[in-house]
Peer 1: 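To start, I am sharing the structure in question, which I have written as structure tokens.
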Amino acid sequence: MSRSSRHAGCTNADFAKEDSAAARFLKNFKWTTGQQKLVAKYVAADKMSPEKAAEKWVKGNESTWKAWLPKK
């Protein structure tokens, strides 16, 4: 079975219409350029590993990422 035929019938538009937790998360997800630049600074200027930079951002921005989580 080719890769394209395995996914026939499933489009991005179909996924966006779903009410799955993953679809709701992606609809809620908003990460600003400023937030991205901050994490990049942690890696480039502060010499953190990407994992440590992400961890620092997550710890300091709980209200932001919690807003991305779908309501139950």
Side-chain angles (χ1 to χ4, degrees):
M1 178 181 296
S2 74
R3 184 181 180 119
S4 61
S5 64
R6 279 188 286 157
H7 298 292
C10 181
T11 66
N12 289 340
D14 293 333
F15 179 79
K17 291 177 191 173
E18 289 181 16
D19 192 34
S20 68
R24 289 192 314 271
F25 173 83
L26 291 174
K27 287 176 188 175
N28 294 341
F29 182 82
K30 292 174 183 58
W31 203 34
T32 68
T33 302
Q35 292 164 332
Q36 294 172 44
K37 285 181 177 182
L38 180 59
V39 174
K41 176 203 164 290
Y42 293 156
V43 174
D46 300 345
K47 306 299 183 204
M48 290 182 168
S49 69
E51 294 80 10
K52 289 291 183 189
E55 183 179 335
K56 182 175 181 173
W57 187 89
V58 167
K59 285 181 179 178
N61 293 277
E62 186 173 342
S63 64
T64 298
W65 63 261
K66 280 197 170 183
W68 301 338
L69 302 177
K71 307 294 183 245
K72 293 184 179 186

Peer 1: Sequence neighbours left out, what pairs pass side-chain hydrogen bond (donor to acceptor under 3.5 Å, both in side chains) with at least one residue falling in residues 36-45?
Peer 2: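 Output for this query lists Lys41-Asp46.
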Peer 1: For residues 63-70, dump all side-chain donor-acceptor pairs below 3.5 Å to protein atoms at least two apart in sequence or in another chain.
Peer 2:
unit_1	atom_1	unit_2	atom_2	d
Trp65	NE1	Val58	O	3.0
Lys66	NZ	Glu62	OE2	2.7
Trp68	NE1	Lys30	O	3.3

Peer 1: Any chain of hydrophobic side-chain contacts (each under 4.5 Å) joining Trp57 to Met48?
Peer 2: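 Both belong to a single hydrophobic cluster.
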Peer 1: Crowded around Lys52 NZ? As in, over 12 foreign heavy atoms under 6.0 Å?
Peer 2: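 Not more than 12 within 6.0 Å, no.
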Peer 1: Measure across Ala53 and Val43 and return the closest heavy-atom pair with its distance rounded to 0.1 Å.
Peer 2: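 In this case the closest contact between Ala53 and Val43 is CB-CG2, 3.6 Å.
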